[in-house]
Amino acid sequence: MSISRRDFLKLAGISSLGIGFSATDLLWKNRAEAVEYMSSPKGLTAKRWAMVVDLRKFKTEEDYKRVIDACHYIHNVPDFGNLKDEVKWIWTDTFEHVFPFQKNEYLPEGVQEKKAVLFCNHCDNPPCVRVCPTQATFKRKDGIVAQDYHRCIGCRFCMAACPFGSRSFNWRDPRPFIKRLYPKFPTRTKGVVEKCNFCVERLAKGLGPKCVEVSNGGLIFGDLSDPESEVRKILSKHYSLRRKAELGTRPSVFYIIGGDEDA
Amino acid sequence: MYDAGKILLGLIIFLAFATFPFYTNMGKAVAKPDPKLDTPVIQQMKVKQCVESKEFMRAEHMQLLNHWRDAALRRGERLYKGSDGRITEISFQNQCLRCHSNKKKFCDECHSYAAVKPYCWDCHIAPKEAKNEH
Ligand code: SF4
Ligand code: SF4
Ligand code: SF4
């Protein structure tokens, strides 16, 4: 029994159709029509999120510690106990280091010694995004510079590009160095970079950043593009500084220094 | 045929290596995976149904998780409306694992059988496997 050329071609045609049309293709197609992804209506939105740090409100060690501990707990930030391995989302440094060109010996008393609260500036023109080869670091529509840890290959280009030291690398497995695991947030893993995320996971639920919540008014968060927002109102009344503004990264974090309450 | 002996020996060694996995596993009955759904949260559900059909989830959960990751992380879209219209919060750790709180008897059961080692758990915290947790 022989098969004619015509029959053979027909058969081949039908089987090739079958290959392209696997069962899972059908599953995805049936599903794809109904499926939708949405943002939560409860979520907070903005055109450009920004933070104001009112350093006048930070008076005691406890004021600094409170905001740092709150953030590091809910984000499972490890504490390696040494500076070399340090991983940080929010930290402090001296006025001199933070604003190197603002220093002069005639500054009001207390300013020189004052520590600043630091986190990622969520720059409007972020060099870390530009250098990331995998787009693990990217800028969201609301201005937040976010990081997808699934995609981070640990090349540390972003660390080299960030002029503010806002990023930390996990040289070792961070898990054993998290004192109290916070079960609702993931940890990171060895070989990835991490940083402050402006609490995107909380914004999606309608909550502001954690550090702001516990800051007793020292940190103010809001939409920089909205003239009616709290951050804009404060910025319009007080002289503020941004870190290394001359570099052109356009930080979204502003500092009110002020010697005393009504400076 | 100068090197027939060497070639034959080479062939035998090659065959021995290539079929090694079959020999070592031969006769060993590996238990068929039997993932369990009896967690407290699932027990309490009126309709015991994941975000999509069982068939879909079985075959495509890894794809779905990738889509969920991109939606939540990149686009900030943290709600998923499935094909039956139900809306679920997108979160592997807080949503998937809320029902499937039995990592060992649900996730590991098949993953071990299929010898895949997903790295989800390097970052996502597995639920505590308490017997009668709530
Ligand atoms: S502060 Fe650094 S890490 Fe943050 S957005 Fe700017 S350049 Fe990137
Ligand atoms: S370390 Fe990660 S986030 Fe940074 S540039 Fe490399 S891939 Fe991107
Ligand atoms: S905004 Fe959120 S992530 Fe950033 S320092 Fe504050 S608490 Fe931490």
Side-chain angles (χ1 to χ4, degrees), chain A residues 22-46 49 76 135-142 144 146-152 170 173-175 178 181-192 194 197-198 200-206, chain B residues 41 49-98 100-101 103 117-130 133-134:
Chain A
S22 68
T24 53
D25 275 354
L26 272 173
L27 281 171
W28 270 109
K29 280 204 185 82
N30 286 341
R31 201 180 124 278
E33 273 143 39
V35 155
E36 233 180 288
Y37 290 90
M38 295 162 290
S39 308
S40 166
K42 276 189 301 181
L44 304 179
T45 55
W49 287 118
N76 285 322
Q135 290 176 22
T137 294
F138 57 99
K139 197 171 140 208
R140 302 184 357 144
K141 285 204 298 280
D142 57 7
I144 294 180
Q147 217 190 323
D148 177 351
Y149 300 114
H150 304 88
R151 251 195 216 196
C152 175
N170 284 282
D173 177 15
R175 275 268 173 103
I178 301 167
L181 261 194
Y182 183 70
K184 292 203 146 61
F185 200 78
T187 67
R188 268 67 57 200
T189 173
K190 182 179 166 182
V192 303
E194 59 181 279
N197 67 354
F198 259 8
V200 277
E201 82 282 6
R202 287 171 60 90
L203 298 176
K205 289 198 157 71
Chain B
V41 177
Q49 167 74 62
C50 196
V51 295
E52 295 291 345
S53 73
K54 188 160 121 193
E55 291 68 36
F56 182 84
M57 294 311 289
R58 191 178 284 162
E60 302 293 321
H61 64 282
M62 47 306 243
Q63 249 69 276
L64 187 77
L65 285 171
N66 280 353
H67 286 251
W68 273 26
R69 175 196 64 207
D70 290 346
L73 242 46
R74 296 203 167 251
R75 305 199 301 277
E77 296 168 353
R78 287 172 188 251
L79 293 180
Y80 173 82
K81 190 169 154 200
S83 23
D84 62 0
R86 274 179 311 140
I87 294 175
T88 317
E89 190 204 329
I90 293 182
S91 174
F92 174 65
Q93 198 168 311
N94 298 327
Q95 201 60 26
C96 305
L97 300 184
R98 199 169 59 85
H100 299 291
S101 52
K103 172 177 177 285
K117 291 197 184 71
Y119 50 71
C120 314
W121 316 105
D122 291 358
C123 294
H124 292 283
I125 301 172
K128 281 216 179 67
E129 306 235 353
E133 88 202 292
H134 263 272

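The chains referred to below are lettered A, B, ... by the order of the sequence lines, with proteins before strands, and numbering in each begins at 1.
Neither the backbone nor the side chain of Asp142(A) has a heavy atom closer than 4.5 Å to any heavy atom of chain B. With a 4.5 Å cut-off on non-hydrogen atoms, Leu97(B) does not touch chain A at all. In this structure, the portions of Arg74(B) lying under 4.5 Å from any heavy atom of chain A include both its backbone and its side chain. If you measure heavy-atom distances from Lys205(A) to chain B, the contacts under 4.5 Å come from the side chain alone. Interface residue Leu181(A): only side-chain heavy atoms are found under 4.5 Å from chain B. Both the backbone and the side chain of Asp122(B) have a heavy atom closer than 4.5 Å to some heavy atom of chain A. With a threshold of 4.5 angstrom between heavy atoms, Glu89(B) approaches chain A through side-chain atoms but not through N, CA, C or O.
With hydrogens and angles disregarded, a donor-acceptor distance shorter than 3.5 Å links the side chain of Arg175(A) to the backbone of Cys123(B).
Within the 4.5 Å cutoff, the side chain of Thr189(A) has no heavy atoms near those of the Tyr119(B) side chain. The side-chain heavy atoms of Leu73(B) and His150(A), taken from C-beta on, include a pair separated by under 4.5 Å.
In this structure, CG in Leu79(B) is found 8.5 Å from NZ in Lys42(A), a value given to the nearest 0.5 Å.
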For this session: Let me see the working for Val200(A) and Arg78(B) under side chain to side chain contact (heavy atoms under 4.5 Å, CB included), right down to the final yes or no.
Result: CA-CA 11 Å; Val200(A) 277; Arg78(B) 287 172 188 251; 4.2 Å; yes

For this session: Run the numbers on Ile87(B) and Met38(A) for side chain to side chain contact (heavy atoms under 4.5 Å, CB included), then give the verdict.
Result: CA-CA 9 Å; Ile87(B) 294 175; Met38(A) 295 162 290; 3.8 Å; yes

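Under the ring pair (Phe, Tyr, Trp, His ring centres under 6.0 Å) criterion, Phe185(A) pairs with His75(A), not counting sequence neighbours.
Heavy-atom minimum distance, Gly76(B) versus Ser39(A): O-OG, 3.5 Å.
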